[in-house]
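Report on the structure given below.
Just so we're clear, the structure is a prediction, and the values are computed from it rather than from any experiment. Proteins get letters first, then strands, A, B, ... in listed order; numbering begins at 1 in each.
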There are 2 protein chains.
Amino acid sequence: MQKDTLCLGLLSLGPRSGYEIKQMFEGPLSDFYSLSFGTIYPTLNKLQSEKYVSCKQLSQSKKPDKKVYTITKKGKDLMKENLLGDASAYIRSGNFGDQIKSEFFLLLLFAKYLPEETLETVLNERVLFLQQKLEQFKYDGPVPSDLQALRNEKSITFIRGLATTLIESGLNYMEKNRGKLY
Amino acid sequence: MQKDTLCLGLLSLGPRSGYEIKQMFEGPLSDFYSLSFGTIYPTLNKLQSEKYVSCKQLSQSKKPDKKVYTITKKGKDLMKENLLGDASAYIRSGNFGDQIKSEFFLLLLFAKYLPEETLETVLNERVLFLQQKLEQFKYDGPVPSDLQALRNEKSITFIRGLATTLIESGLNYMEKNRGKLY
DNA sequence: ATTATATATATCAAACTGATATAGATAGCT
DNA sequence: AGCTATCTATATCAGTTTGATATATATAAT
């Protein structure tokens with residue numbers, strides 16, 4: 001997805017600063033996508049200069065100033081147009097679409113070059129790690145207020161449920177079939 | 001995973017040209033990882049100049065010349081060293097690890113901006129697409145001989161099985177819960 | 001006092017991709 | 001025979017993106 005469309009989409013959930021957009025990528029979106037500051041800040045500047053977002057400079061008492069961006073009518077129109085135009089391309093992506101870029105799968109591919117006890121440790125730690133992920137996805141407690149907007153999206157509920165299901169069946173498969181790697 | 005380690009790993013399965021390594025990424029590895037020609041060719045040149053691989057220029061009668069690379073003892077040692085050293089980092093990656101980069105999940109996140117009939121089409125096509133993927137992973141027929149080496153790896157059997165399981169439970173979830181998106 | 005951490009924006013070298021260039025061969029169509 | 005398309009094969013490069021670093025202020029912990 002174009003960085004422009006993505007930033008507009010996140011701003012459509014409510015006004016935010018670049019730093020806060022990054023926090024979304026590191027929090028609730030961290031398993032699905034990310035953009036770096038090096039992409040976010042130039043994108044917001046470009047969107048502002050082309051009037052897709054407006055910007056208010058806020059002086060905060062105990063924190064540095066921040067620039068809060070709000071999506072404009074023009075920006076919402078562009079976002080909708082881009083989503084519609086590119087929807088068909090996104091059907092074939094990620095999490096069994098084109099690419100997963102899984103370093104873990106690559107490591108398994110070359111598992112025969114690891115000492116057996118290393119492989120054992122690796123698989124044990126992977127299981128632990130996935131169990132932790134599962135807890136994270138299942139956790140329904142309070143989140144920082146500026147992230148609650150995301151949490152409340154119907155689509156986030158759907159995606160969290162899907163992620164939970166996928167991790168559970170992956171864990172199950174690993175526990176039943178890890179013997180095949182030796 | 002470092003491109004060096006990855007290329008050495010693929011060459012450890014048998015001597016290959018840069019073009020043939022790319023074919024692996026576009027064939028049996030396409031759902032898990034990829035590198036472009038712009039990365040593969042410079043990497044092979046660097047590995048050769050540092051004696052991690054040797055190179056034979058082959059004149060072919062009906063095709064362009066090709067450079068076939070073979071991993072050396074020094075190269076195999078480096079590969080094993082790197083795999084061991086980085087193994088713990090790869091435990092927390094992809095397919096529920098750090099990042100999926102799923103354009104499809106992003107599209108769902110903004111599903112409310114799509115007309116209802118578009119969303120319906122998108123979900124239907126995603127189901128069809130995943131069903132096709134499932135067939136691909138289940139297919140056990142003949143593959144080009146230079147890719148058979150990969151197919152025969154124990155780890156590939158494990159990973160294909162895992163992918164099949166994940167797609168199946170993902171499909172199942174989507175069919176049962178798609179109503180939650182409207 | 002010092003170190004660590006958090007908020008906040010900005011920049012940049014290094015890495016990587018996607019596209020394009022080059023070149024010989026084959027295959028199908030008219 | 002000529003034309004277009006596609007495949008094998010290597011190479012290069014502009015444009016994009018990341019990961020790291022710089023800058024600045026403030027709080028919390030040791």
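Residue B:K22 qualifies as enclosed at atom NZ: its count of foreign heavy atoms under 6.0 Å is above 12. Counted within 6.0 Å of NZ on B:K176, heavy atoms from surrounding residues, nucleotides or ligands total 12 or fewer; the atom is thus considered open.
With rounding to whole Å, B:K66 atom NZ is found 9 Å from D:dA9 atom C1'. Between A:Q57 atom CD and C:dT9 atom C1' the separation is 10 Å, expressed in whole Å. Between the CG atom of A:L44 and the C1' atom of D:dT17 there is a distance of 16 Å, given to the nearest Å. Distance, B:R16 CZ to D:dT8 P: 15 Å, rounded to whole Å. In this structure, OH of B:Y19 is placed 19 Å from P of C:dT22, rounded to the nearest angstrom. In this structure, the CD atom of B:E26 is 10 Å from the P atom of C:dG18, given to the nearest Å. Rounded to a whole Å, the CG atom of A:D65 is 14 Å from the C1' atom of C:dA10. Computed from coordinates, the A:K3 NZ to D:dG15 P distance equals 13 Å when rounded to whole Å.
A cation-pi arrangement is present between B:R126 and B:F104 under the rule of less than 6.0 angstrom and at most 45 degrees off the ring axis. Geometrically, B:K101 engages A:Y33 in a cation-pi contact defined by less than 6.0 Å to the ring centre and at most 45° from the axis.
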What pairs of nitrogen or oxygen atoms, one from the protein and one from nucleotides 11-14 of chain C, lie under 3.5 Å apart?
none

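Toward the 5′ end of DNA chain D lies the nearest nucleotide of B:K67, the other residue of the pair A:S34 and B:K67 mapping further downstream. Toward the 5′ end of DNA chain D lies the nearest nucleotide of B:Y69, the other residue of the pair B:Y69 and A:S36 mapping further downstream.
No hydrogens or angles considered: nothing links the side chains of B:T72 and B:Y52 as a donor-acceptor pair under 3.5 Å. Between A:S54 and A:Y69, the side chains place no donor N or O within less than 3.5 Å of an acceptor N or O (distance only, hydrogens not considered).
In this structure, A:E153 pairs ionically with B:K112, as a charged nitrogen and a carboxylate oxygen lie closer than 4.0 Å. Under 4.0 Å is where a charged nitrogen must lie from a carboxylate oxygen, and between B:E20 and B:K66 at least one such pair does.
Taking the six-membered ring for Trp and thresholds of 30 and 60 degrees, A:Y113 and A:F110 have ring planes inclined between 30 and 60 degrees apart.
A heavy atom lying under 4.0 Å from DNA chain C marks none of the residues of residues 46-55 of chain B.
Within the 4.0 angstrom heavy-atom criterion, no nucleotide atom of any strand lies near B:K22.
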